[in-house]
Chemist: 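One structure coming up, written as C-alpha coordinates, with questions to follow.
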Amino acid sequence: MNGLYALKPWYADRLASVRAALVRRDVSPDTLTWCGVLCAGLAAAALGLLPAPYAALPVAVLLAARLAFANLDGALARDTGRCTRRGAVLNELGDRLADLLMLAGFLFVAPPWPVAAAALAATLPSWVALAGAAAGAPRRNGGPVGKTERCALVVLAAATGWYVPVLAVIAAGSAVTAGVRLVWVWRRLGDAAEAGAPLPADADVARDKARAGSR
(Lines give C-alpha, C1' and ligand atoms only; values in the text may rest on other atoms or scores of the structure.)
Protein backbone atom coordinates (compact mmCIF):
# COMPACT_ATOMS: atom_id res chain seq x y z
CA MET A 1 0.00 0.00 0.00
CA ASN A 2 2.50 2.59 -1.22
CA GLY A 3 0.01 5.23 -2.38
CA LEU A 4 1.51 8.10 -4.36
CA TYR A 5 4.97 7.07 -3.14
CA ALA A 6 4.89 4.48 -5.93
CA LEU A 7 5.34 7.39 -8.36
CA LYS A 8 8.67 8.40 -6.79
CA PRO A 9 10.87 6.65 -9.43
CA TRP A 10 8.90 8.35 -12.21
CA TYR A 11 9.20 11.73 -10.46
CA ALA A 12 12.93 11.18 -9.92
CA ASP A 13 13.37 10.51 -13.64
CA ARG A 14 11.64 13.80 -14.46
CA LEU A 15 14.12 15.59 -12.18
CA ALA A 16 17.21 13.93 -13.65
CA SER A 17 18.29 16.96 -15.68
CA VAL A 18 17.82 19.25 -12.68
CA ARG A 19 19.88 16.87 -10.56
CA ALA A 20 22.66 16.83 -13.15
CA ALA A 21 22.74 20.63 -13.21
CA LEU A 22 22.98 20.74 -9.42
CA VAL A 23 25.86 18.28 -9.50
CA ARG A 24 27.72 20.46 -12.01
CA ARG A 25 27.22 23.52 -9.83
CA ASP A 26 28.35 21.70 -6.68
CA VAL A 27 25.19 22.58 -4.77
CA SER A 28 25.05 21.18 -1.24
CA PRO A 29 22.31 18.60 -0.51
CA ASP A 30 21.70 20.41 2.79
CA THR A 31 20.84 23.58 0.86
CA LEU A 32 18.12 21.67 -0.97
CA THR A 33 16.75 20.35 2.33
CA TRP A 34 16.39 23.91 3.61
CA CYS A 35 14.84 25.03 0.32
CA GLY A 36 12.17 22.38 0.83
CA VAL A 37 11.46 23.72 4.32
CA LEU A 38 11.21 27.26 2.92
CA CYS A 39 8.74 26.16 0.24
CA ALA A 40 6.58 24.49 2.89
CA GLY A 41 6.56 27.67 4.94
CA LEU A 42 5.60 29.78 1.93
CA ALA A 43 2.82 27.32 1.08
CA ALA A 44 1.53 27.69 4.63
CA ALA A 45 1.48 31.47 4.26
CA ALA A 46 -0.41 31.19 0.96
CA LEU A 47 -2.92 28.78 2.50
CA GLY A 48 -3.53 31.03 5.48
CA LEU A 49 -3.57 34.41 3.76
CA LEU A 50 -5.28 33.72 0.43
CA PRO A 51 -8.92 32.66 0.18
CA ALA A 52 -10.00 29.45 -1.49
CA PRO A 53 -9.82 28.74 -4.37
CA TYR A 54 -7.20 31.40 -5.13
CA ALA A 55 -4.76 29.79 -2.72
CA ALA A 56 -4.79 26.52 -4.65
CA LEU A 57 -2.30 27.38 -7.41
CA PRO A 58 0.47 28.90 -5.26
CA VAL A 59 0.04 26.17 -2.64
CA ALA A 60 0.21 23.46 -5.31
CA VAL A 61 3.32 24.95 -6.94
CA LEU A 62 5.12 25.47 -3.63
CA LEU A 63 4.32 21.99 -2.32
CA ALA A 64 5.35 20.42 -5.62
CA ALA A 65 8.66 22.26 -5.18
CA ARG A 66 8.86 21.05 -1.58
CA LEU A 67 8.49 17.43 -2.77
CA ALA A 68 11.03 18.00 -5.53
CA PHE A 69 13.60 19.29 -3.05
CA ALA A 70 12.86 16.32 -0.76
CA ASN A 71 13.61 14.03 -3.69
CA LEU A 72 16.65 15.92 -4.91
CA ASP A 73 18.56 16.33 -1.64
CA GLY A 74 19.06 12.61 -1.09
CA ALA A 75 19.69 11.88 -4.76
CA LEU A 76 22.27 14.67 -4.94
CA ALA A 77 23.99 13.36 -1.80
CA ARG A 78 24.27 9.90 -3.37
CA ASP A 79 25.42 11.23 -6.76
CA THR A 80 28.19 13.32 -5.22
CA GLY A 81 29.27 10.91 -2.49
CA ARG A 82 28.13 13.25 0.27
CA CYS A 83 25.88 10.88 2.25
CA THR A 84 26.76 11.67 5.86
CA ARG A 85 25.20 10.91 9.21
CA ARG A 86 24.68 14.60 9.87
CA GLY A 87 23.01 14.89 6.47
CA ALA A 88 20.70 12.01 7.35
CA VAL A 89 19.67 13.74 10.57
CA LEU A 90 19.12 17.04 8.76
CA ASN A 91 17.08 15.24 6.11
CA GLU A 92 14.70 13.83 8.73
CA LEU A 93 14.48 17.08 10.68
CA GLY A 94 13.83 19.00 7.47
CA ASP A 95 11.01 16.68 6.46
CA ARG A 96 9.34 16.91 9.87
CA LEU A 97 9.78 20.70 10.04
CA ALA A 98 8.36 21.10 6.51
CA ASP A 99 5.31 19.03 7.47
CA LEU A 100 4.71 21.06 10.61
CA LEU A 101 5.15 24.39 8.83
CA MET A 102 2.78 23.31 6.06
CA LEU A 103 0.09 22.37 8.58
CA ALA A 104 0.68 25.54 10.59
CA GLY A 105 -0.92 27.43 7.72
CA PHE A 106 -4.26 26.01 8.86
CA LEU A 107 -4.00 28.01 12.08
CA PHE A 108 -5.18 31.03 10.08
CA VAL A 109 -8.32 29.29 8.88
CA ALA A 110 -9.24 26.52 11.35
CA PRO A 111 -9.49 25.97 15.14
CA PRO A 112 -6.21 25.06 16.85
CA TRP A 113 -7.21 21.59 18.07
CA PRO A 114 -7.72 19.90 14.66
CA VAL A 115 -4.49 21.52 13.45
CA ALA A 116 -2.63 20.14 16.47
CA ALA A 117 -4.18 16.70 16.00
CA ALA A 118 -3.20 16.60 12.32
CA ALA A 119 0.34 17.83 13.07
CA LEU A 120 0.86 15.22 15.77
CA ALA A 121 -0.55 12.41 13.65
CA ALA A 122 1.52 13.45 10.63
CA THR A 123 4.74 12.72 12.54
CA LEU A 124 3.73 9.19 13.54
CA PRO A 125 4.44 7.30 10.27
CA SER A 126 8.02 8.58 10.14
CA TRP A 127 8.70 7.75 13.79
CA VAL A 128 7.48 4.20 13.20
CA ALA A 129 9.61 3.84 10.06
CA LEU A 130 12.70 5.22 11.82
CA ALA A 131 12.18 3.00 14.87
CA GLY A 132 11.88 -0.03 12.62
CA ALA A 133 15.03 0.92 10.70
CA ALA A 134 16.92 1.43 13.96
CA ALA A 135 15.87 -2.09 15.03
CA GLY A 136 17.15 -3.58 11.77
CA ALA A 137 14.10 -3.60 9.49
CA PRO A 138 14.13 -2.00 6.03
CA ARG A 139 12.90 1.59 5.95
CA ARG A 140 9.17 1.59 5.11
CA ASN A 141 7.79 4.57 3.18
CA GLY A 142 4.58 5.34 1.36
CA GLY A 143 0.88 5.65 2.12
CA PRO A 144 -1.97 5.35 2.41
CA VAL A 145 -1.42 8.89 3.74
CA GLY A 146 2.28 9.66 3.57
CA LYS A 147 4.12 12.89 2.81
CA THR A 148 2.92 13.15 -0.79
CA GLU A 149 -0.70 12.47 0.09
CA ARG A 150 -0.59 15.06 2.87
CA CYS A 151 0.63 17.66 0.39
CA ALA A 152 -2.17 16.72 -2.03
CA LEU A 153 -4.74 17.04 0.74
CA VAL A 154 -3.46 20.51 1.66
CA VAL A 155 -3.87 21.55 -1.98
CA LEU A 156 -7.43 20.20 -1.84
CA ALA A 157 -8.11 22.34 1.23
CA ALA A 158 -6.68 25.39 -0.51
CA ALA A 159 -8.94 24.79 -3.50
CA THR A 160 -12.17 24.05 -1.64
CA GLY A 161 -11.96 25.70 1.76
CA TRP A 162 -12.70 22.35 3.45
CA TYR A 163 -10.10 23.05 6.10
CA VAL A 164 -11.39 21.06 9.08
CA PRO A 165 -12.50 18.01 7.03
CA VAL A 166 -9.09 17.87 5.35
CA LEU A 167 -7.34 18.12 8.72
CA ALA A 168 -9.49 15.25 9.96
CA VAL A 169 -8.50 13.13 6.95
CA ILE A 170 -4.82 13.96 7.47
CA ALA A 171 -5.03 13.02 11.16
CA ALA A 172 -6.94 9.80 10.64
CA GLY A 173 -5.02 8.80 7.51
CA SER A 174 -1.65 9.44 9.11
CA ALA A 175 -2.62 7.35 12.14
CA VAL A 176 -3.72 4.52 9.85
CA THR A 177 -0.47 4.82 7.90
CA ALA A 178 1.52 4.58 11.12
CA GLY A 179 -0.46 1.47 12.04
CA VAL A 180 0.13 -0.12 8.64
CA ARG A 181 3.85 0.56 8.88
CA LEU A 182 4.01 -0.76 12.44
CA VAL A 183 2.35 -4.04 11.47
CA TRP A 184 4.71 -4.39 8.50
CA VAL A 185 7.81 -3.61 10.59
CA TRP A 186 6.67 -5.95 13.38
CA ARG A 187 6.27 -8.80 10.93
CA ARG A 188 9.61 -8.16 9.25
CA LEU A 189 11.41 -8.10 12.58
CA GLY A 190 9.60 -11.28 13.61
CA ASP A 191 10.58 -13.01 10.38
CA ALA A 192 14.19 -11.92 10.87
CA ALA A 193 14.20 -13.25 14.45
CA GLU A 194 12.82 -16.61 13.32
CA ALA A 195 15.47 -16.81 10.62
CA GLY A 196 18.19 -16.05 13.15
CA ALA A 197 19.23 -12.80 11.47
CA PRO A 198 21.32 -10.60 13.79
CA LEU A 199 20.03 -7.28 15.01
CA PRO A 200 22.21 -4.19 14.46
CA ALA A 201 25.32 -4.51 16.60
CA ASP A 202 25.39 -0.90 17.67
CA ALA A 203 23.84 2.53 17.16
CA ASP A 204 26.14 3.34 14.23
CA VAL A 205 24.77 0.44 12.18
CA ALA A 206 21.22 1.38 13.09
CA ARG A 207 21.73 4.96 11.93
CA ASP A 208 23.30 3.75 8.70
CA LYS A 209 20.21 1.67 7.96
CA ALA A 210 17.89 4.58 8.68
CA ARG A 211 19.98 6.88 6.50
CA ALA A 212 19.96 4.45 3.57
CA GLY A 213 16.19 4.75 3.29
CA SER A 214 15.85 8.47 3.81
CA ARG A 215 18.63 9.97 1.71
Side-chain angles (χ1 to χ4, degrees), residues 1-8 10-11 14 33 35-71 91-132 139-186 214:
M1 201 185 311
N2 285 329
L4 295 175
Y5 186 79
L7 297 175
K8 183 176 181 179
W10 174 87
Y11 195 37
R14 306 285 80 74
T33 300
C35 285
V37 173
L38 176 61
C39 286
L42 293 174
L47 175 69
L49 299 176
L50 297 176
Y54 302 108
L57 180 59
V59 169
V61 170
L62 288 164
L63 291 183
R66 178 252 164 132
L67 292 173
F69 284 123
N71 187 298
N91 179 71
E92 294 299 332
L93 291 177
D95 269 349
R96 303 294 77 73
L97 181 57
D99 260 347
L100 294 176
L101 282 174
M102 175 182 73
L103 294 173
F106 284 93
L107 290 171
F108 293 95
V109 293
W113 67 266
V115 180
L120 176 62
T123 66
L124 296 178
S126 292
W127 299 141
V128 171
L130 288 169
R139 175 72 183 265
R140 178 63 188 263
N141 292 303
V145 180
K147 175 169 59 182
T148 307
E149 288 83 4
R150 288 193 294 272
C151 288
L153 286 166
V154 172
V155 174
L156 176 64
T160 62
W162 299 344
Y163 303 116
V164 173
V166 165
L167 287 169
V169 172
I170 290 174
S174 297
V176 169
T177 301
V180 169
R181 292 186 185 183
L182 180 59
V183 169
W184 184 88
V185 165
W186 201 260
S214 61

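All residue numbers in this chain count up from 1 along the given sequence. It should be emphasised that the depicted structure is a prediction, and the values quoted were computed from it without experimental measurement.
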Chemist: So F106 and L167, do their side chains get closer than 4.5 Å, heavy atoms only?
Modeler: yes
Chemist: Check whether the side chains of T123 and R96 place a donor and an acceptor atom closer than 3.5 Å, and report yes or no.
Modeler: no
Chemist: What heavy-atom pair brings A118 and I170 nearest, and what distance separates the two atoms?
Modeler: CB-CG2, 4.1 Å
Chemist: So, taking the atom named CG in L67 and the one named CZ in R150, what distance separates them when rounded to the nearest 0.5 Å?
Modeler: 10.0 Å
Chemist: Nearest 0.5 Å, what's the OH-CG distance between Y163 and L156?
Modeler: 11.0 Å
Chemist: Can you name the closest pair of heavy atoms from V185 and G132 and give their distance?
Modeler: CG1-CA, 3.5 Å
Chemist: Judged by atom type as modelled, is there a donor-acceptor pair below 3.5 Å linking the side chain of R140 to the main-chain atoms of V180?
Modeler: no
Chemist: Of the non-hydrogen atoms in A178 and L124, which two are nearest, and what is the gap between them?
Modeler: CB-CB, 3.7 Å
Chemist: Output the distance between atom CG (N141) and atom OG1 (T148), rounded to the nearest 0.5 Å.
Modeler: 9.5 Å
Chemist: I need the single residue from L50, V115, L49, L47 that forms a side-chain contact (heavy atoms from CB on, under 4.5 Å) with F108. Which is it?
Modeler: L49
Chemist: For the CZ atom of F69 and the OG1 atom of T33, what is their distance to the nearest 0.5 Å?
Modeler: 10.0 Å
Chemist: For R66 and C151, work out which heavy atoms get closest and say how close.
Modeler: NH1-SG, 3.7 Å
Chemist: In terms of heavy-atom contacts, does CH2 of W184 have more than 12 from other residues, nucleotides or ligands at under 6.0 Å?
Modeler: yes
Chemist: Between the main-chain N or O of V145 and the side-chain N or O of T177, is there a donor-acceptor pair closer than 3.5 Å?
Modeler: yes
Chemist: Counting C-beta onward and ignoring hydrogens, is there a side-chain heavy-atom pair between V164 and P111 closer than 4.5 Å?
Modeler: yes
Chemist: Does the distance from a Lys or Arg side-chain N to an Asp or Glu carboxylate O, for K147 and D99, drop under 4.0 Å?
Modeler: no
Chemist: Return the minimal non-hydrogen interatomic distance between A98 and G36, and the atom names on each side.
Modeler: CB-O, 4.3 Å
Chemist: When you measure from the side chain of R181 to the backbone N and O of P125, does any donor-acceptor pair fall under 3.5 Å?
Modeler: yes
Chemist: Show the nearest heavy-atom pair for residues S174 and A121, with the distance to one decimal.
Modeler: CB-O, 3.2 Å
